[in-house]
Amino acid sequence: ELYVLRPDRMAVVPGARGWPAAYDYAVDGQTMRLARDANGFLPVLHATLFHPLDDYYGLSPLAVAAAAIEVHNAGAAWTKETLHIFKPNESGRPYARVIFDQDTGALLGVASGQEGGHSGAVFRLVPPVESGGAWTYAIIHDFAGGHDGEGPFAELTQDLTTGTIYGTSQGDPFGQTGLGTVFAFTPNASHTAWTSTLNYEFVDANGARPSTGVALDANGVLYGATSAGGAGFGTIFSLDPATGVLTTLFAPQSDPERY
């Protein structure tokens, strides 16, 4: 037979190795210990919901519900605000999330350029001086397609020392005027003017159509991946912005290797 015991009356008795060795069940000031018998059988079925900080007791169903309610109530305290509505001449369709410019508090991002015949843009949104004011939109770079790059879809990466931002563009969707680039723009002291400091163009043999951004290591080397090129299944690469030299780290030769 199976009896349901109240969890608030149950206490775990840990053994020498930390595993539950017995259970104490308390009712009206009296405690009954439920321990293993001579054959090692423990007459308690202990079922819990996962709790990252409590291996013994886990989360009760009510605690799980309470956490969801707390998140919901906290969300109600936030107010949604539209910071910018893209115009036809601003490329539009930003697929990637924005990042914070650590020095100025501005937002940095990319617009994929799927509107108005544009090839995409890197943009900057500057917060208002006074609360409630309008954010200021500025284009850091407007892609021209071809060798200049087209279709930036991935999140930017920023070097917190120099302020330089790095990213990728996928290139022409039909593969006719460019196979994608890795780019970089470095700001002046006030971050109001940006200079192109890297524009590496893929040539198919070493990759094509990078659909994700790049990672920056402590030595300033970039790492990323392409979805095509190489042997036809994409590549994983490193790129040194100081020299412009790209190294193919891995190029899958078949679908099984790719996935």
Contact check, side chains of [X] and [Y], non-hydrogen atoms, under 4.5 Å:
X      : Y      : answer
Leu198 : Phe183 : no
Thr104 : Val126 : no
Gln158 : Ile99  : yes
Phe100 : Leu107 : yes

Note to self: If we ignore hydrogens and angles and just use 3.5 Å, is the side chain of Thr226 paired with the main-chain N or O of Ala228 as donor and acceptor?
What the structure shows: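 Yes, the answer is positive, given that a donor and an acceptor are paired below the 3.5 Å cut-off.
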
Notebook entry, point to check: For Val122 and Leu156, which heavy atoms make the closest approach, and how far apart are they?
Noted result: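 Minimum heavy-atom separation between Val122 and Leu156: CG1-CD1, 4.1 Å.
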
Item checked: Nearest heavy-atom neighbours spanning Ala111 and Pro152 ->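 Between these two residues, the closest heavy atoms are O-CG, 3.4 Å.
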
Decide whether [X] and [Y] meet the rule of one side-chain donor and one side-chain acceptor closer than 3.5 Å.
X      : Y      : value
Tyr23  : His46  : yes
His141 : Asp148 : yes
Glu90  : His84  : yes

Notebook entry, point to check: Per the side chain to side chain contact (heavy atoms under 4.5 Å, CB included) rule, which among Thr31, Val44, Leu5 passes with Tyr25?
Noted result: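 Only match with Tyr25 under side chain to side chain contact (heavy atoms under 4.5 Å, CB included): Leu5.
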
Next item on the list: Any side-chain hydrogen bond (donor to acceptor under 3.5 Å, both in side chains) involving residues 236-250? Give me the pairs, sequence neighbours left out, ordered by first then second residue.
Entry: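 Sorted pair list comes back empty.
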
Margin query: Using the ring pair (Phe, Tyr, Trp, His ring centres under 6.0 Å) criterion, which residues pair with Phe202? Sequence neighbours excluded.
Written below: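 Tyr200, Phe237.
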
Check: Quick one: salt bridge (Lys or Arg N to Asp or Glu O under 4.0 Å) partners of Arg17, sequence neighbours excluded?
Finding: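 By the salt bridge (Lys or Arg N to Asp or Glu O under 4.0 Å) rule, Arg17 matches no residue at all.
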
